[in-house]
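Here is how names work: the chains are called A, B, and so on, in the same order as the sequence lines, proteins then strands, and each is numbered from 1.
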There are 2 protein chains.
Amino acid sequence: MDLNNLKGCRNSKNRNAIIEILDSAIEPVTADYIYKKLRELNPTASISTVYRSLEKLTANNIVTKSIIMDSNKAMYELNRKTHKHYFICTNCNKMVPLENCPLEELEKNISKNTGFNITGHKLELYGKCSSCSK
Amino acid sequence: MDLNNLKGCRNSKNRNAIIEILDSAIEPVTADYIYKKLRELNPTASISTVYRSLEKLTANNIVTKSIIMDSNKAMYELNRKTHKHYFICTNCNKMVPLENCPLEELEKNISKNTGFNITGHKLELYGKCSSCSK
DNA sequence: TTGGTTGCAAAACGTTTGCATGTGC
DNA sequence: GCACATGCAAACGTTTTGCAACCAA
């Protein structure tokens, strides 16, 4: 995370705090979650600051944005080196990270066959987690 | 597509028209796209009818709803028997269906290892399509 | 000084809902 | 007749934007 190297960015307390909030979150979180946590540190912070920071952070690949099915909110998480996929429980909405990414070979094959220049992917598994399927 | 077997549904011109619109669409489309097409047939149709129809259709597994990255709109497509995944161009937003689904074995393994009851998945590949990567 | 950053309020956007009316069966 | 379907307008929740003030470099 080279926080001081963001294109067209100055140092910002709010943005740094947002990164810390994301860093201490285990699962992807919503903008509103970040906003509430940020208000604990800076009671006058505004939701627009959250969105504007997240936009810069995603543009700089520090943060990953995703939108899960049947929800209209975006989820944000720190773009850690370890590539992650999630299992999402359709009952309790828990997001459980999976260990491995099985798609690297697949991507290579598809690139070859189609001429697409694949730069990333998203895989989500849906179903019921062990506690919800009881 | 057993259109006459929808749970708690009567025959409806609008809903049938929506199915036809989805059927003639090659790619997943937005609710607004459907609304505009529907207005060509029924100029007084309303957007709420579109959403209400789509809700019933997804509940009955006639239609699949998905939300793609960096967009806040849902995309709808007819749930054809053939299981599909898409390559999505980050430049022109084109969605190109992929031929095979490579995840069936993977699901089995994860189910075994984690105890999750996996009922579905979503896989999207991102990058530049052949014309945009020129 | 320059240009990114912030807070506030308002707007925009996709989607949902309440209600009264219409329609299939 | 009953329950679903519809159009309209209003509401909703999330995200974006305009603007003036602020602050980092």
Side-chain angles (χ1 to χ4, degrees), chain A residues 2-21 28-60 62-77 93, chain B residues 2-21 28-60 62-77 93:
Chain A
D2 46 352
L3 303 188
N4 304 309
N5 253 344
L6 306 191
K7 267 189 223 164
C9 286
R10 301 220 165 123
N11 204 19
S12 138
K13 260 196 163 178
N14 282 329
R15 202 189 309 122
N16 291 340
I18 288 172
I19 292 170
E20 297 233 337
I21 291 166
V29 296
T30 62
D32 191 59
Y33 171 91
I34 297 168
Y35 173 58
K36 281 178 181 129
K37 287 278 179 191
L38 182 60
R39 294 282 284 206
E40 291 173 13
L41 304 168
N42 171 10
T44 68
S46 81
I47 187 75
S48 36
T49 297
V50 173
Y51 280 108
R52 285 194 268 234
S53 298
L54 288 171
E55 200 198 343
K56 295 232 166 186
L57 292 170
T58 52
N60 281 275
I62 311 267
V63 162
T64 301
K65 175 185 181 182
S66 56
I67 301 174
I68 68 168
M69 242 162 71
D70 285 325
S71 147
N72 298 323
K73 336 180 206 193
M75 309 288 280
Y76 300 88
E77 67 182 309
N93 281 319
Chain B
D2 46 352
L3 303 188
N4 304 309
N5 253 344
L6 307 191
K7 264 190 227 166
C9 285
R10 302 221 163 120
N11 203 21
S12 138
K13 260 196 166 180
N14 282 328
R15 201 188 311 119
N16 291 340
I18 289 172
I19 291 170
E20 297 232 338
I21 291 166
V29 295
T30 62
D32 191 60
Y33 170 91
I34 297 167
Y35 173 58
K36 283 180 180 125
K37 286 277 179 192
L38 182 60
R39 294 283 283 206
E40 291 173 13
L41 304 168
N42 171 10
T44 68
S46 83
I47 188 74
S48 36
T49 296
V50 173
Y51 280 108
R52 285 194 267 234
S53 298
L54 288 171
E55 200 198 341
K56 296 233 165 187
L57 291 170
T58 53
N60 281 275
I62 311 267
V63 162
T64 301
K65 176 184 181 181
S66 56
I67 301 174
I68 68 167
M69 239 162 74
D70 285 327
S71 148
N72 299 323
K73 335 178 206 193
M75 309 287 282
Y76 300 88
E77 66 182 310
N93 281 318

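- For the residue pair A:Ile47 and A:Ala31, the shortest heavy atom distance occurs at CD1-O, 4.1 Å.
- With C:dT15, D:dG7, D:dT14 as the choices, the nucleotide that has an atom nearest any side-chain atom of A:Lys73 turns out to be D:dT14.
- The side chain of B:Arg10 approaches D:dC2 more closely than any other nucleotide in the set D:dC2, D:dT14, D:dC8.
- When all heavy atoms of A:Val50 and A:Ile18 are compared, the pair lying nearest together is CA-CD1, 3.9 Å.
- Interface remark: the B:Arg52 side chain does form a donor-acceptor pair with the C:dG18 base, using a distance-only criterion of under 3.5 Å.
- Under 4.0 angstrom from either OP1 or OP2 of C:dG7 there lies at least one side-chain N or O belonging to A:Asn42.
- Under 3.5 Å, the side chains of A:Thr58 and A:Asn60 contain no donor-acceptor pair of N or O atoms.
- Counting atom types as modelled, B:Ser48 pairs a side-chain N or O with a base atom of D:dC8 as donor and acceptor under 3.5 Å.
- Taking only side-chain nitrogens and oxygens, B:Tyr51 comes nearer than 4.0 Å to OP1 or OP2 of C:dT15.
- For D:dG7, the OP1/OP2 oxygens have a side-chain nitrogen or oxygen of B:Asn14 closer than 4.0 Å.
- Each of C:dC25, C:dG7, D:dG7 was ranked by its minimum atom distance to the side chain of B:Thr44; first place goes to D:dG7.
- Mapped onto DNA chain C by nearest heavy atom, B:Ala31 and A:Ser12 fall at different nucleotides, with A:Ser12 at the one closer to the 5' end.
- Between A:Arg39 atom CZ and C:dG7 atom P the separation is 8 Å, expressed in whole Å.
- In this structure, B:Thr49 reaches the D:dG7 phosphate: one of its side-chain N or O atoms is under 4.0 Å from OP1 or OP2.
- Out of D:dT6, C:dT15, C:dG7, the shortest distance to the side chain of B:Ala74 is found at C:dT15.
- Spacing between atom CD of A:Glu55 and atom C1' of D:dT16 amounts to 9 Å, rounded to whole angstrom units.
- With a 4.5 Å cut-off on side-chain heavy atoms, A:Leu54 and A:Lys65 do not count as touching.
- Between A:Asp32 atom CG and D:dG13 atom P there is a gap of 11 Å when expressed in whole angstrom units.
- Between the NZ atom of B:Lys56 and the P atom of D:dC4 there is a distance of 6 Å, given to the nearest Å.
- Going from atom CD1 of A:Ile47 over to atom C1' of C:dA11 covers 16 Å, rounded to whole Å.
- Using modelled atom types, no side-chain atom of B:Lys13 and backbone atom of B:Asn42 make a donor-acceptor pair closer than 3.5 Å.
- Going from atom CD1 of B:Ile34 over to atom C1' of C:dT15 covers 13 Å, rounded to whole Å.
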